[in-house]
Participant: 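Have a look at this one before I ask anything.
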Amino acid sequence: MTIVLEPSDAAGGSGDPLTAGLNPQQKEAVEYRGQSLLIVAGAGSGKTSVLTRRIAGLLATREAWPSQILAITFTNKAAAEMRERVAHLVGQAGEGMWISTFHSACVRILRREAEQFGFTKSFTIYDSADSRALLKRILKELDADQLGLTVSMASGKISKLKNELSDVESYSRQINMNDPQEVMFLEIFRQYTRELQRANAFDFDDLIAQTVYLFRAFPHVAAQYQRRFRHILVDEYQDTNHAQYSLIRELTRPVQADLVDELERGGQFVQSMRDGSGGIPGASLTVVGDSDQSIYAFRGADIRNIVEFERDFPNSKVILLEQNYRSTQNILDAANAVISNNFDRQAKNLFTTVGAGSKIVGFTGYTGHDEAQFVADEIAALHESGTDYKDMAVFYRTNSQTRALEEIFIRSAIPYRVLGGTKFYERAEIKDAMAYLITVANPADPLALRRIMNVPKRGIGPATETAMQRWADTNEAPLRDAMRNADQLGLGPKVTGAITSLAKLLDDVQATAATAPVHEILSALIAGSGLVEVLRASRDPQDEARAENIDELVAVTKEFQKNNPDGTLLDFLTEVTLVAAADDLDDTSGTVSLMTLHTAKGLEYEAVFLTGVEEDLLPHRMSASEPGGPSEERRLFYVGITRARQRLFLSLAMTRAQFGEVNVAMPSRYLQEIPVELIDWKQSPGMANSRGGTQPRALNARREGGDGNRGATPRASGGYGSGSYDRATAAAKTKPKTEWANRVTGTVRDNGDMELEAGDRISHVDFGEGRVMAVTGIGARRIAEVLFDGAGRKKLLIKVAPIEKI
DNA sequence: ATAATAGTTCTTTTT
DNA sequence: GAACTATTAT
């Protein structure tokens with residue numbers, strides 16, 4: 001993403017390149033010097049530019065060394081972009097700054113200081129799935145479901161407590177000991193905490209909370225960082241939670257004279273930093289945010305942090321950026337109208353000088369697929385008229401909405417990529433391979449060890465595992481030792497052999513881990529365990545895809561080693577765990593981006609499709625019961641709208657398939673908040689409802705699809721046995737549109753080498769009959785341009801489109 | 001110990 | 001529709 005700053009009327013050709021082209025408010029935000037500064041930056045107001053120029057200014061004037069700057073961003077991607085843009089402005093002078101996310105910065109600090117409080121620097125990080133797995137074990141052991149406790153309740157509550165900086169001790173003091181459920185939860189919390197400590201692991205929330213704990217418990221440690229960071233800048237401040245807020249508070253605290261003396265004795269340079277009392281004054285703090293874009297309350301983000309900033313940090317300067325350099329006035333009018341329905345907000349009105357622009361386009365489909373087809377058609381049309389695919393994005397509220405979109409996009413030969421969602425690293429086989437790496441990096445972690453114990457199958461079942469656990473408990477030794485001493489467990493010779501050889505493999509690889517490159521460690525583990533070998537030998541076609549995924553992981557480690565020649569296994573594991581959905585964005589060349597509204601924050605596109613604008617989806621059903629839920633959902637909608645530069649499309653469906661069943665959907669309440677004259681409805685909710693004169697293409701399609709005629713011709717021409725052909729055909733008859741649900745194996749339908757040329761007549765599941773106008777592309781990417789009798793012109797990917805020659 | 005089958009429950013958003 | 005659980009049969 002790039003934010004282009006238009007020269008404003010007020011700012012003229014001042015000589016300073018850092019403020020050239022800025023409006024007066026932006027200029028002030030770059031140049032203001034003081035203890036604390038709040039920049040209230042409306043969507044598209046050029047805040048990234050302001051922030052980078054502010055940093056560049058500090059460096060260029062020698063007010064700060066790079067090492068004295070700490071900038072916190074929301075994603076690693078944003079951090080990388082900021083670093084790049086600062087480098088662009090000041091060149092080499094920017095090296096040594098800390099620009100990272102809260103989590104990455106805390107990992108960096110914790111790795112250095114872990115030994116201060118009972119961890120080693122090789123700690124691992126548990127992602128949400130890992131901590132859920134751990135909680136699951138604990139709940140089962142305690143029979144907690146008897147009291148109605150679930151894993152998601154427990155993990156949600158623990159996360160919330162940690163975000164509030166509560167630990168087991170402080171929580172135990174505030175509960176009602178007569179409520180067995182609360183007592184049970186406390187026990188779960190206690191065991192969870194103990195297990196993490198034993199495993200030498202932190203969960204996501206710990207990374208922040210434990211850093212705060214570290215600073216509070218060890219003032220001399222905190223003093224080092226307070227001395228070091230003189231300028232702290234925080235982006236997306238409205239999304240900070242209490243723990244993150246506290247971290248900032250700790251970092252900006254002044255250092256008392258006696259601690260400065262201690263630093264000095266430790267060899268740190270402090271002389272010119274001391275103030276009158278001999279201490280070091282607190283770092284200067286700049287925060288940037290927009291309370292209208294606060295969308296992470298569910299994760300503990302506290303909007304009060306930004307609203308009450310002036311109270312928290314007295315004598316703060318506040319600068320308001322309201323001029324928008326991104327969107328057309330029509331889009332901004334819609335955004336302003338929507339957000340003004342949130343009553344408890346500070347007044348703010350975005351404006352632009354670029355003009356009204358096109359109207360917002362609205363569309364109501366009969367089904368989610370119909371809606372997706374609309375999106376695909378509009379994208380094709382935009383592409384034809386010169387908009388690059390990479391400048392278009394499709395947003396949705398829930399990840400499950402991708403299914404229909406992907407299916408239609410594949411058929412329509414629209415190149416796309418999904419950001420976030422079921423990520424590469426969440427796949428079971430990747431988690432398996434990663435667990436091998438974790439056991440080598442952090443032998444204390446029993447969770448990872450359990451995961452790989454019987455993967456691939458070695459005949460080590462639950463019974464064997466409990467036997468080992470029992471040995472470990474009685475000998476007060478880690479699980480790994482139980483494996484090394486498998487012969488003492490009194491198990492069968494086959495199992496014993498399997499255990500000892502796994503233990504040997506892990507020990508052998510571990511011995512090389514300090515020096516060997518990451519990809520060699522991984523390859524050794526894969527070769528030694530037979531992980532890929534077993535998958536390759538399987539008849540299940542999905543296993544082949546899984547094997548390829550693991551190969552891909554090896555490639556990733558090679559790439560990592562190339563980019564970080566000194567990178568250790570721990571560095572690799574950390575990086576992988578902390579990547580965010582939007583971090584994946586890098587080479588989006590030539591593809592449409594699909595993502596949730598949450599990952600869309602901070603990005604911008606020429607054309608934006610906001611899909612599923614329905615009640616129970618946006619606002620989401622779950623938000624209704626939460627305090628502040630509907631307002632937060634409205635902000636989410638607002639965030640989506642304001643991502644668009646030129647074109648905005650709002651779409652919804654009359655019916656939506658959710659968890660198997662088809663439900664009737666109602667238009668979102670937020671649609672009515674947009675002035676009618678701003679929207680040009682291609683098919684309004686009313687029109688779709690009446691099923692009257694407008695072309696009911698989806699209904700046509702249904703009838704066509706159900707006539708049973710299509711099943712007569714084989715469409716799987718190669719690679720599949722007759723059994724799978726039958727199944728595919730049967731499935732196609734009843735539910736033709738769910739064929740692509742399985743993305744592990746790629747596309748199930750395969751027209752193979754179907755020959756088509758201009759003039760042929762074909763029949764399509766959705767669009768009925770039509771005539772081929774042209775065929776372009778080669779091989780698997782052959783595309784047919786078809787003029788359908790009822791549905792107009794479409795482009796189809798021949799290989800996978802549900803079509804037949806007639 | 002494992003593979004296959006049938007039944008269950010749920011899904012918001014994410015570092 | 002998927003992911004997990006419980007119950008079978010091998």
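In what follows, every chain begins at residue 1, and chains take the letters A, B, ... in the order their sequences are listed.
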Participant: Using the P atom in both, what is the distance from B:dT13 to C:dC4, to the nearest Å?
Facilitator: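 Between the two P atoms, the distance is 16 Å.
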Participant: Does A:Thr464 make a side-chain N or O approach to OP1 or OP2 of B:dA1 shorter than 4.0 Å?
Facilitator: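 For A:Thr464, the contact criterion (side-chain N or O under 4.0 Å from OP1 or OP2 of B:dA1) is met.
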Participant: Below 4.0 angstrom from OP1 or OP2 of B:dT15, is there any side-chain N or O of A:Asn163?
Facilitator: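 No, because none of the side-chain N or O atoms of A:Asn163 sits under 4.0 Å from OP1 or OP2 of B:dT15.
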Participant: Provide, to the nearest angstrom, the distance between the CG atom belonging to A:Asp235 and the P atom belonging to B:dT15.
Facilitator: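 My rounded result for the distance is 15 Å.
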Participant: Hey, could you give me the CG/CG distance between A:Leu610 and A:Leu636, rounded to the nearest 0.5 Å?
Facilitator: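 If we round to the nearest 0.5 Å, A:Leu610:CG and A:Leu636:CG are 8.5 Å apart.
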Participant: What's the closest nucleotide to the A:Thr599 side chain, out of B:dT14, B:dT15, B:dT12?
Facilitator: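 In terms of side-chain proximity for A:Thr599, the closest of B:dT14, B:dT15, B:dT12 is B:dT14.
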Participant: Heavy-atom nearest nucleotide on DNA chain B for A:Ser152 versus A:Thr596: which residue maps closer to 5'?
Facilitator: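 Residue closer to the 5' terminus by nearest nucleotide: A:Ser152.
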Participant: Atom CG of A:Leu139 and atom P of C:dC4: how far apart are they, to the nearest Å?
Facilitator: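 These atoms are roughly 16 Å apart.
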Participant: Could you state the atom-to-atom distance from CG of A:Leu597 to C1' of B:dT14 in whole Å?
Facilitator: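 My rounded result for the distance is 14 Å.
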Participant: Tell me, please, which residues at least two apart from A:Phe202 pass ring-ring contact (aromatic ring centres under 6.0 Å, His included).
Facilitator: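 A:Phe119, A:Phe123.
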Participant: Here's one to test your reading of the geometry: is the NZ or CZ of A:Arg299 within 45 degrees of the ring axis of A:Tyr296 and under 6.0 Å from its centre?
Facilitator: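 Geometry flag: set, cation within 6.0 Å and 45°.
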Participant: Please collect all salt bridge (charged side-chain N to carboxylate O under 4.0 Å, His left out) contacts where either partner lies in residues 128-137 of chain A, sequence neighbours excluded, each pair once.
Facilitator: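 Listed by first then second residue: A:Asp130-A:Lys431, A:Arg137-A:Glu141.
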Participant: Could you tell me whether A:Ser128 contacts a base, only the sugar-phosphate backbone, or nothing, with contacts defined as non-hydrogen atoms closer than 4.0 Å?
Facilitator: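 The residue A:Ser128 makes base contact.
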Participant: Do you see a donor-acceptor pair shorter than 3.5 Å between the side chains of A:Asn341 and A:Glu673?
Facilitator: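 A:Glu673 and A:Asn341 do have a side-chain donor-acceptor pair below 3.5 Å.
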Participant: Roughly how many Å apart are C:dT5 and B:dT12, using the C1' atom of each and rounding to a whole number?
Facilitator: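 The answer is 25 Å between these two C1' atoms.
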Participant: Using atom CZ of A:Arg132 as one end and atom P of C:dC4 as the other, report the distance to the nearest whole Å.
Facilitator: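 It is 9 Å, rounded to the nearest whole Å.
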Participant: Would you say A:Ser400 places a side-chain N or O within less than 4.0 Å of OP1 or OP2 belonging to B:dT12?
Facilitator: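 No.
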Participant: With sequence neighbours left out, which residue pairs that include part of residues 453-469 of chain A fulfil the salt bridge (charged side-chain N to carboxylate O under 4.0 Å, His left out) condition?
Facilitator: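 Every pair satisfying salt bridge (charged side-chain N to carboxylate O under 4.0 Å, His left out) with a residue in residues 453-469 of chain A: A:Arg450-A:Glu465.
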Participant: Give the C-alpha distance, both sets of side-chain angles, the deciding distance and a yes or no for side chain to side chain contact (heavy atoms under 4.5 Å, CB included) between A:Gln401 and A:Thr596.
Facilitator: CA-CA 9 Å; A:Gln401 288 168 254; A:Thr596 65; over 6 Å; no
Participant: So, for A:His598 and A:Tyr396, is the gap between ring centers shorter than 6.0 Å?
Facilitator: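 That pair fails the under 6.0 Å test.
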Participant: Do any N or O atoms of the protein come closer than 3.5 Å to N or O atoms of nucleotides 2-7 of chain B, and which pairs are they?
Facilitator:
from	atom 1	to	atom 2	distance (Å)
B:dT2	OP1	A:Gly459	N	3.0
B:dT2	OP2	A:Asn454	ND2	3.0

Participant: Between B:dT12 atom C1' and A:Gln658 atom CD, what is the distance in whole Å?
Facilitator: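 Rounded to whole Å, this separation is 11 Å.
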Participant: B:dT13 base stacked by A:Phe298? Criteria: ring centres under 5.5 Å, plane angle under 30°.
Facilitator: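 Stacked: ring centres under 5.5 Å, planes under 30°.
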Participant: Whole angstrom is fine here: how far is it from CZ in A:Phe202 over to C1' in B:dT15?
Facilitator: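 So the two atoms are 16 Å apart, to the nearest Å.
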Participant: Report the distance from atom CG of A:Leu578 to atom P of B:dT15, rounded to the nearest whole Å.
Facilitator: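 Spelled out: CG on A:Leu578 to P on B:dT15 is 10 Å.
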Participant: Sequence neighbours left out, what passes ring-ring contact (aromatic ring centres under 6.0 Å, His included) with A:Phe395? Give chain and number order.
Facilitator: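 Scan of A:Phe395 (ring-ring contact (aromatic ring centres under 6.0 Å, His included), adjacent residues dropped) gives none.
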Participant: Regarding B:dT13, can its base be found pairing with the side chain of A:His598 as donor and acceptor, where the two atoms are less than 3.5 Å apart?
Facilitator: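 Indeed, a donor on one side and an acceptor on the other fall under 3.5 Å apart.
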Participant: List, with names and distances, any nitrogen or oxygen atoms from the protein found under 3.5 Å away from nitrogen or oxygen atoms belonging to nucleotides 5-9 of chain C.
Facilitator:
from	atom 1	to	atom 2	distance (Å)
C:dT5	OP1	A:Lys136	NZ	2.5

Participant: Counting the atoms with a prime plus P, OP1 and OP2 as sugar-phosphate, which does A:Ala463 contact under 4.0 Å by heavy atoms, base, sugar-phosphate, or nothing?
Facilitator: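 The answer is sugar-phosphate, as A:Ala463 gets under 4.0 Å only of primed atoms, P, OP1 or OP2.
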Participant: Please determine, for the side chain of A:His620, which listed nucleotide (B:dT14, C:dA2, B:dT12) has the closest atom?
Facilitator: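 Selected nucleotide: B:dT12.
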Participant: In terms of side-chain heavy atoms of A:Arg299, which of B:dT12, B:dT15, C:dG1 is nearest?
Facilitator: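 In terms of side-chain proximity for A:Arg299, the closest of B:dT12, B:dT15, C:dG1 is B:dT15.
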Participant: Could you check A:Met622 against A:Val495 and say which one's nearest nucleotide on DNA chain B is further toward the 5' end?
Facilitator: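 Mapping each residue to its closest nucleotide by heavy atoms, the 5'-most match is A:Val495.
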Participant: Can A:Glu195 and A:Gln197 be counted as having a side-chain donor-acceptor contact under 3.5 angstrom?
Facilitator: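 Not at all, the side chains of A:Glu195 and A:Gln197 share no donor-acceptor pair under 3.5 Å.
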Participant: Of the nucleotides B:dT12, B:dT14, C:dG1, which one has an atom closest to the side chain of A:Phe659?
Facilitator: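 Side chain of A:Phe659 sits closest to C:dG1.
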Participant: Base, sugar-phosphate alone, or nothing: which one does A:Tyr296 contact when heavy atoms must sit under 4.0 Å apart?
Facilitator: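 Counting heavy atoms under 4.0 Å across all strands, the contact made by A:Tyr296 is with sugar-phosphate only.
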Participant: Just the rounded figure in Å: distance from P of B:dT15 to NZ of A:Lys160.
Facilitator: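 From A:Lys160 NZ to B:dT15 P: 20 Å.
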Participant: Tell me if a side-chain donor or acceptor on A:Glu633 pairs with a main-chain N or O of A:His620 at a distance below 3.5 Å.
Facilitator: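 Flag set: sc A:Glu633 to bb A:His620 pair under 3.5 Å.
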